[in-house]
Amino acid sequence: MSATYRKLPRSFYLHPPLRVARDLLGTYLVRRVGTIRLVGKIVEVEAYDESDPASHSYRGRTRRNNVMFWKGGHLYVYFTYGMHFCANVVTGLEGRGEAVLIRAVEPIDGLDVMRRNRSREKKSAPPVNKNLTNGPAKLCEAFGIGREENGTDLLGEEIYITQGEEIPDSKIARSTRIGIRNGREKRWRFYVKGNGWVSKPWL
DNA sequence: TGGACGATCCCCT
DNA sequence: GGGGATCGTCCAT
């Protein structure tokens with residue numbers, strides 16, 4: 001791969017979640033399973049930290065949220081609503097309880113496998129069905145991310161993030177976060193303006 | 001030990 | 001636009 005697509009170094013993740021959230025927009029999430037390579041451009045994210053009543057880490061470290069307290073650059077995957085998984089990028093130093101939820105990606109490579117993984121998806125409108133990856137649980141299903149991927153080191157070979165497209169500030173929108181009660185006033189959601197895979201472009 | 005609820009999605013009306 | 005699916009986690013009893 002060219003220099004443009006270099007894997008993000010550990011140092012990228014060792015910053016507060018608001019900064020990492022913004023910087024993640026335009027980067028490429030990569031999943032490798034054998035010879036298969038799935039790639040999606042990150043277009044929507046949300047930040048969470050330990051002082052934040054909406055965060056899983058708010059009430060301290062537990063078995064469920066343990067990975068959130070690891071050092072930046074790991075994947076925190078949680079199970080919710082009895083049937084869905086969501087993936088977060090852990091940020092900051094060891095012990096801080098910070099993460100960035102990946103809410104949407106634009107499919108770049110491996111779309112046939114993503115469609116197969118999203119088996120419940122019935123209608124497929126050409127050229128690409130945005131329904132494939134325009135939500136946090138949808139993209140996990142498309143990328144085959146579940147319980148077993150919790151704690152994955154993003155500097156490894158299985159799941160990682162590379163540099164991608166530079167998104168200028170003028171193309172970044174900011175809003176309150178989706179689907180939470182406590183801490184709903186915080187505008188800690190970031191997304192790429194006009195991108196067709198953003199989950200709720202009107203918010 | 002039990003019950004309420006959740007960083008969601010999909011189908012039905 | 002609304003509700004059901006479905007279960008791990010947390011907190012109150």
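By convention in this document, chain letters (A, B, ...) are assigned in the order of the sequence lines, proteins followed by strands, and residues within each chain are numbered from 1.
- Rounded to a whole Å, the CE atom of A:Met83 is 15 Å from the P atom of B:dA7.
- For B:dC9, neither phosphate oxygen OP1 nor OP2 lies less than 4.0 angstrom from any side-chain nitrogen or oxygen of A:Arg118.
- Stretches of at least 3 consecutive Watson-Crick or G-U wobble pairs, with each checked distance under 3.5 Å, appear in DNA chain C as B:1-6 with C:7-12, B:8-12 with C:1-5.
- The salt bridge (Lys or Arg N to Asp or Glu O under 4.0 Å) test applied to A:Asp49 returns no partner, not counting sequence neighbours.
- The list of ring-ring contact (aromatic ring centres under 6.0 Å, His included) pairs with a residue in residues 10-40 of chain A, not counting sequence neighbours, reads A:Tyr5-A:Tyr28.
- Here A:Arg64 pairs with nothing under the salt bridge (Lys or Arg N to Asp or Glu O under 4.0 Å) rule; sequence neighbours left out.
- Nucleic acid contact class of A:Ala137 (heavy atoms, under 4.0 Å, all strands): sugar-phosphate only.
- Rounded to the nearest 0.5 angstrom, A:Lys138 NZ and A:Thr133 OG1 are separated by 9.0 Å.
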Would A:Gln163 and A:Leu8 count as a side-chain contact (heavy atoms from CB on, under 4.5 Å) here? Give the steps.
CA-CA 6 Å; A:Gln163 294 178 337; A:Leu8 297 177; 3.6 Å; yes

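- The stretch residues 182-203 of chain A has no heavy atom under 4.0 Å from DNA chain C, so no residue of it qualifies as close.
- We find that CZ of A:Arg181 is positioned 12 Å from C1' of B:dA4, with the value rounded to whole Å.
- Scored by the ring-ring contact (aromatic ring centres under 6.0 Å, His included) test, A:Phe85 finds A:Phe79 as partners (sequence neighbours excluded).
- Nucleotides of DNA chain C with any atom under 4.0 Å from a heavy atom of chain A span, from 5' to 3', C:dA5 to C:dC11.
- Atom CZ of A:Arg59 and atom C1' of B:dG6 are 13 Å apart (whole Å).
- Heavy-atom distances under 4.0 Å link DNA chain C to A:Phe79, A:Tyr81, A:Gly82 of residues 73-82 of chain A, given in residue order.
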Would you give me the side-chain donor-acceptor pairs under 3.5 Å for residues 194-201 of chain A, sequence neighbours excluded?
residue  : atom : partner  : partner atom : Å
A:Asn195 : OD1  : A:Trp197 : N            : 2.8
A:Asn195 : ND2  : A:Glu106 : OE1          : 2.8
A:Ser199 : OG   : A:Glu44  : OE1          : 3.0
A:Ser199 : OG   : A:Glu44  : OE2          : 2.8
A:Ser199 : OG   : A:Arg103 : NH2          : 3.1

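- Side-chain contact between A:Arg31 and A:Glu158 is present, with at least one heavy-atom pair separated by less than 4.5 Å.
- Within the 4.5 Å cutoff, side-chain heavy atoms of A:Leu75 are placed close to those of A:Ile145.
- Computed from coordinates, the A:His56 NE2 to B:dC5 P distance equals 16 Å when rounded to whole Å.
- No engagement by A:Arg177 is indicated, since no non-hydrogen atom pair under 4.0 Å with the nucleic acid exists.
- Every pair passing salt bridge (charged side-chain N to carboxylate O under 4.0 Å, His left out) that includes a residue from residues 166-179 of chain A is listed here, sequence neighbours excluded: A:Arg22-A:Asp169, A:Asp52-A:Arg177.
- With P as the reference atom, C:dG4 and B:dA4 are 15 Å apart, rounded to whole Å.
- Taking the salt bridge (Lys or Arg N to Asp or Glu O under 4.0 Å) definition, one finds that A:Arg19 meets it with A:Asp23, sequence neighbours left out.
- Separating the CD1 atom of A:Ile145 from the P atom of B:dT8 is a distance of 16 Å, rounded to the nearest angstrom.
- No more than 12 heavy atoms of other residues, nucleotides or ligands shown are found within 6.0 angstrom of NZ on A:Lys71.
- B:dC5 and C:dG3 are spaced 16 Å apart, taking the C1' atom of each and rounding to whole Å.
- Using modelled atom types, one finds a donor on one side chain and an acceptor on the other under 3.5 Å when comparing A:Arg189 with A:Ser175.
- With rounding to whole Å, A:Ile178 atom CD1 is found 12 Å from B:dT8 atom C1'.
- Partners of A:Glu50 under the salt bridge (Lys or Arg N to Asp or Glu O under 4.0 Å) rule, at least two apart in sequence or in another chain, do not exist in this structure.
- Distance CD1 (A:Ile180) to C1' (B:dC5): 15 Å, rounded to an integer number of Å.
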